Amino acid sequence: MGVTVIFASTSGIAEAVSEEFLQRDYDILLCARDEQALARQAQDLKVKFNRDVPYMQWDLQPMDAHAEKVRSLFEEYHVDGLFMAAGVMSPQAECNQDPSKVIETMQINLTAVTVILNLFAEQFEQKKTGFISCISSVAGDRGRQSNYVYGASKAGLTAFLQGLRNRLHRHDVLVQTVKPGYVKTKMTEELGESILMAKPKQVAKEIVDAIERKQDILYTPFFWRYIMSTIKWIPEPLFKRLSL
Ligand SMILES: NC(=O)c1ccc[n+]([C@@H]2O[C@H](COP(=O)([O-])OP(=O)(O)OC[C@H]3O[C@@H](n4cnc5c(N)ncnc54)[C@H](OP(=O)(O)O)[C@@H]3O)[C@@H](O)[C@H]2O)c1
């Protein structure tokens, strides 16, 4: 078995996913933009799992460095998986006041992430093996006034993953779209407690289980599939009057 790259490994969800992979004896490589946080994470994992985990500093911006980084990564390692967790979520009110927040949301969540996914896709297509599991969001399933900039970035990402899955299926490469509901991480710390708020560990287990089952689309926790199918079903003339 080759190495699974965990991109944005310092994210709350990816930290838990990294531990879930190590518990199942996968070889992983951590990538994130903050080198000190990466070194701390690798050290923690060494203490917990008695494993040396390699890491690589990697920022999503600027984007013109990605092609070279992916090429050298595949030269150095036998990579056979990518778990992508990078994302930003500025409150909608901030996006309404500050165009740079709209630009950042689209650039990180959609442009930069899809540039990297496509570069990994090229490699996996040639090797005719591998998997890409990428976190999108239930927020991409329907635009709501409370977070439609973030939702639009994730809707674009979901559509990209759909197309990529369609392309890579014939090459035996899994492309998995992960759609979490609310998960307790630094991204959601301002939202407070809620019975809908899942723990990263629970979501991480469901994600790795779904990768092993080769599942295309995962709502996590599972009940979000039913919540979102209800939300998607509401007719637009009614939906636009709701405060969601
Ligand atoms: N938490 C939720 O309720 C929820 C629900 C649905 C979907 N999601 C999605 O799940 C994914 C993980 O989020 P999370 O909840 O674990 O939140 P998080 O802890 O805030 O993780 C976000 C990650 O994105 C990284 N990132 C942001 N800008 C970057 C850049 N320019 N270059 C490289 N990395 C960058 C952050 O790096 P730093 O650690 O350096 O900041 C962080 O590791 C995101 O895609 C998010 O949209 C989360």
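Just so you know, ligand 1 is whichever comes first in the structure, and atom 1 is the first atom listed for that ligand. No hydrogens, no waters, no symmetry mates; every other heavy atom, side chains included, goes into these values. Because the structure is a prediction, the values reported are computed rather than measured.
When each atom of ligand 1 is checked for a heavy atom of Y182 under 4.0 Å away, the hits are 3 (O). Residue A85 has at least one heavy-atom neighbour below 4.0 Å for each of these atoms of ligand 1: 11 (C), 12 (C), 44 (C), 45 (O). Within the listing of ligand 1, atoms 6 (C), 7 (C) sit less than 4.0 angstrom from a heavy atom of S137. Within ligand 1, counting atoms from 1 as listed, the ones closer than 4.0 Å to a heavy atom of T188 are 1 (N), 2 (C), 3 (O). Close approach to I108 involves these atoms of ligand 1, each under 4.0 Å from a residue heavy atom: 31 (N).
Between V88 and ligand 1, no pair of N/O atoms sits closer than 3.5 Å. Residue contacts with ligand 1: D34 is placed with no nitrogen or oxygen under 3.5 Å of a nitrogen or oxygen of the ligand (distance criterion only). Residue contacts with ligand 1: P180 is placed with no nitrogen or oxygen under 3.5 Å of a nitrogen or oxygen of the ligand (distance criterion only). Residue Q61 places no N or O, backbone or side chain, under 3.5 Å from any N or O of ligand 1. In terms of polar-atom proximity, K154 is counted as a contact of ligand 1, with an N or O under 3.5 Å from an N or O of the ligand. Considering both main-chain and side-chain atoms, A86 comes within under 3.5 Å of ligand 1 through a nitrogen or oxygen pair. Taking any N or O of Y150, backbone or side chain, at least one lies under 3.5 Å from an N or O belonging to ligand 1. The shortest N/O to N/O separation between G87 and ligand 1 falls below 3.5 Å.
For the pair R71 and E68, the salt-bridge criterion is met [side-chain N within less than 4.0 Å of a carboxylate O].
Remark: of the listed residues R51, E19, E15, E19 is the sole one forming a side-chain contact (heavy atoms from CB on, under 4.5 Å) with L45.
For atom 31 (N) of ligand 1, the candidate residues are D59, L196, I13; the nearest heavy-atom contact is made by D59.
Transitive grouping of hydrophobic side chains (ILVMFWY, heavy atoms separated by less than 4.5 Å) keeps I135 and M84 in distinct clusters.
Two residues are said to be in side-chain contact when any heavy atoms from C-beta on lie closer than 4.5 Å; Q41 and Y55 fail this criterion.
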